[in-house]
2 protein chains.
Amino acid sequence: MPTLRDLGEFEAIRRLVRARGPEDPDVLLGPGDDAALLRPHPGEALAVTVDAFVEGRHWLPAWLSPRGVGARLAAANLSDLAAMAARPRWALLSFGLRADHDADALLELQGGVVEALAPFRAAIVGGNLAGVEGAEWVSLTLVGGVAEARAWTRSGARPGDLLAVTGRPGRAGAGLALARALGPARRAEIASELLDAWLQPVPRVAFALALAPAGAVTAAVDVSDGVAADLERLCEASGTGATLEAEAWPADDALEGAAQDLGVPVDALRFAPSDDYELLLAVDPAGRAACERAARETGAPLAFVGRFTDAPGVIVERGPDGRERALAGAGWDHFAR
Amino acid sequence: MPTLRDLGEFEAIRRLVRARGPEDPDVLLGPGDDAALLRPHPGEALAVTVDAFVEGRHWLPAWLSPRGVGARLAAANLSDLAAMAARPRWALLSFGLRADHDADALLELQGGVVEALAPFRAAIVGGNLAGVEGAEWVSLTLVGGVAEARAWTRSGARPGDLLAVTGRPGRAGAGLALARALGPARRAEIASELLDAWLQPVPRVAFALALAPAGAVTAAVDVSDGVAADLERLCEASGTGATLEAEAWPADDALEGAAQDLGVPVDALRFAPSDDYELLLAVDPAGRAACERAARETGAPLAFVGRFTDAPGVIVERGPDGRERALAGAGWDHFAR
């Protein structure tokens with residue numbers, strides 16, 4: 001198990017480059033020159049996003065293997081492309097690593113990214129390796145392609161559009177809260193649905209790509225800060241409000257169990273800060289069937305949980321008793337903790 | 001002078017986004033959605049590169065202002081695009097910052113990037129802000145555009161091609177060596193040409209863009225690790241060797257002074273590890289005049305200092321006495337120090 005110091009920077013880069021995933025005829029020049037040279041599809045716009053993980057903040061070695069770190073970082077970025085209905089094409093990885101970093105662990109970390117990109121035949125085309133003394137970090141830039149007219153944005157929701165959500169938002173935050181409360185030694189006590197949602201989120205790329213051609217989606221955002229915070233952003237960008245129906249959410253035993261364990265209402269978990277990497281969609285009512293079809297075809301759980309309204313910024317949940325109340329939950333702040 | 005903790009992540013991002021540079025009609029969607037949406041020029045390939053700076057390694061606050069850090073990071077990336085003859089178009093900035101980071105200093109850092117990109121009307125279209133406890137870091141991804149047939153690579157040099165070099169390589173490394181030897185208190189004793197080469201390198205983008213249409217350049221690499229190391233890479237990629245002429249280098253009083261101060265031969269500085277962000281070019285002999293014209297028009301010093309040969313990997317310098325000897329110098333290794 002050689003360290004980066006043992007191998008030296010250039011041998012480490014050589015090993016990384018050798019393991020960087022599928023051949024792509026549109027990669028005219030991959031790693032090894034001053035820049036990668038890439039051929040976009042004619043007429044396609046680029047969707048580009050960058051996300052970074054910092055050791056001790058975004059990953060804890062006790063909870064996540066190197067491969068898991070790479071997979072989760074890729075998922076965070078892939079989810080951004082899913083929210084634009086863009087097809088992932090190319091990635092660049094920028095590392096800050098200690099000299100005693102195990103070289104095989106680094107290949108594992110990159111392997112997690114490669115594996116997450118593989119279903120889309122997206123490749124790592126470049127990167128950078130910098131030395132650090134303290135906490136390590138990884139920054140991933142992802143480039144996707146999308147026909148300009150088909151790209152989803154946050155700003156197109158209209159009053160009357162349906163609010164749809166994939167998966168079971170809130171689980172990731174609940175998993176994290178329980179992990180903090182119990183620690184890694186008591187990992188087995190945490191429902192696997194919650195741990196998986198936190199540690200191994202599944203970005204909804206396949207679902208988005210299957211649905212985009214239908215033209216049913218008027219706006220989209222991914223849930224990286226929690227349903228309340230991200231829905232607020234979508235409503236702000238679109239100039240709408242939203243009314244959620246408490247009864248419309250599918251039962252979620254895992255989340256209800258966590259609410260009991262943590263002594264909070266289930267809604268507080270469902271709407272609270274949680275990086276689920278699920279999608280919130282505004283859907284033209286005529287497009288509901290298309291959404292359900294795409295969800296079925298790609299195995300993505302989908303629920304219609306409310307409607308957009310003409311009251312800008314007013315986001316409420318209507319309970320079983322017909323009364324409306326404001327949504328619990330607010331977004332993460334990386335500097336406030 | 002509020003800190004990031006005072007402002008909170010989202011207000012900090014708002015301030016960053018407000019100051020991100022020129023409007024670009026090909027930015028269909030800038031910061032604020034899940035990903036930026038960009039329109040490439042029809043028929044143009046993308047040149048993409050990423051580079052990162054780590055506090056204490058790539059910048060020392062005593063030597064470089066926040067604006068200087070941003071400018072230098074941008075220069076490192078711009079130089080990679082120059083070496084591909086690509087026009088800089090879009091950038092993404094990923095930060096790892098402490099909560100007590102001064103928000104104005106952060107805007108200054110970004111301002112350094114914005115200013116460096118401005119001559120090319122290139123804009124920052126996205127980014128990420130992560131919190132760290134220890135050393136801070138910045139990672140910049142740059143996307144450029146280049147007609148596929150005009151892109152320079154490292155692999156096209158042919159025996160008989162001329163070797164041209166911009167600027168005065170070695171100065172940056174000499175400036176750094178003197179800075180290490182003397183410390184910031186004795187800054188005034190270091191020749192400004194050396195300090196500027198280290199702290200404020202000028203990437204040769206304008207020169208490369210002016211020259212590319214002439215088709216005179218058969219291969220190119222930027223000097224980020226030193227002439228010896230980067231020339232070796234170009235020769236390796238092209239399957240050639242190179243013979244340099246000691247007498248062909250223009251006089252460089254600043255470098256000679258540094259050689260004296262440091263007690264080393266001037267060649268040891270000229271060829272040694274040095275991140276000058278100058279260009280090494282392989283030039284078709286028929287294209288020499290075109291190179292000189294582009295250099296004149298864009299104010300880039302240019303010298304023809306040798307020729308490529310058919311002896312793969314053999315890189316020698318011929319002295320005034322006609323004798324050939326191997327080049328001094330070898331590249332950086334970020335993990336070996």
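So you know, we letter chains A, B, ... as the sequences are listed, proteins then strands, and number each from 1.
- How far CG of A:D225 is from CD of B:E9: 7.0 Å, rounded to the nearest 0.5 Å.
- Both the backbone and the side chain of A:A52 come within contact range of chain B, each with at least one heavy atom under 4.5 Å from a heavy atom of that chain.
- We find the CG-CH2 distance between A:L29 and B:W152 to be 15.0 Å, quoted to the nearest 0.5 Å.
- Using a 4.5 Å cut-off between heavy atoms, B:V50 touches chain A through backbone and side chain atoms alike.
- Between chain A and the residues B:V54, B:V48, B:D6, the largest count of heavy-atom pairs under 4.5 Å involves B:V48.
- Both the backbone and the side chain of B:L37 come within contact range of chain A, each with at least one heavy atom under 4.5 Å from a heavy atom of that chain.
- Minimum interatomic distance between A:D33 and B:R154 (heavy atoms only, all atoms of both residues): OD2-N, 2.9 Å.
- When heavy atoms are compared at a cutoff of 4.5 Å, B:A86 does not approach chain A at all.
- Ranked by heavy-atom pairs under 4.5 Å with chain A, the list B:A135, B:S94, B:G126, B:G134 is led by B:S94.
- If you measure heavy-atom distances from B:A47 to chain A, the contacts under 4.5 Å come from both the backbone and the side chain.
- Counting non-hydrogen atoms of other residues, nucleotides and ligands closer than 6.0 Å to CD of B:E136 gives a total above 12.
- Using a distance-only test at 3.5 Å, with no hydrogens or angles considered, no donor-acceptor pair links the side chain of A:R39 to the main chain of B:E148.
- Residue contact with chain A, scored on non-hydrogen atoms closer than 4.5 Å, is absent for B:E55.
- Counting heavy-atom pairs under 4.5 Å between each of B:T49, B:N77, B:D80 and chain A puts B:D80 at the top.
- Taking A:D26, A:L81, A:L93, A:L92 one by one and counting their heavy-atom pairs under 4.5 Å with chain B, the maximum is reached by A:L92.
- Chosen from A:P42, A:G32, A:G56, the residue pairing most often with chain B at heavy-atom distances under 4.5 Å is A:G32.
- Within 6.0 Å of the CZ atom in A:R87, the count of heavy atoms belonging to other residues, nucleotides or ligands does not exceed 12.
- When every heavy atom of A:H58 is checked against every heavy atom of B:A130, the shortest pair comes out as CE1-CB, 4.1 Å.
- Here the side chains of B:V143 and A:V143 are not in contact, with every heavy-atom distance at 4.5 Å or above.
- Scanning all heavy atoms of the two residues, the minimum distance from B:A45 to A:L28 falls at CB-CD1, 4.0 Å.
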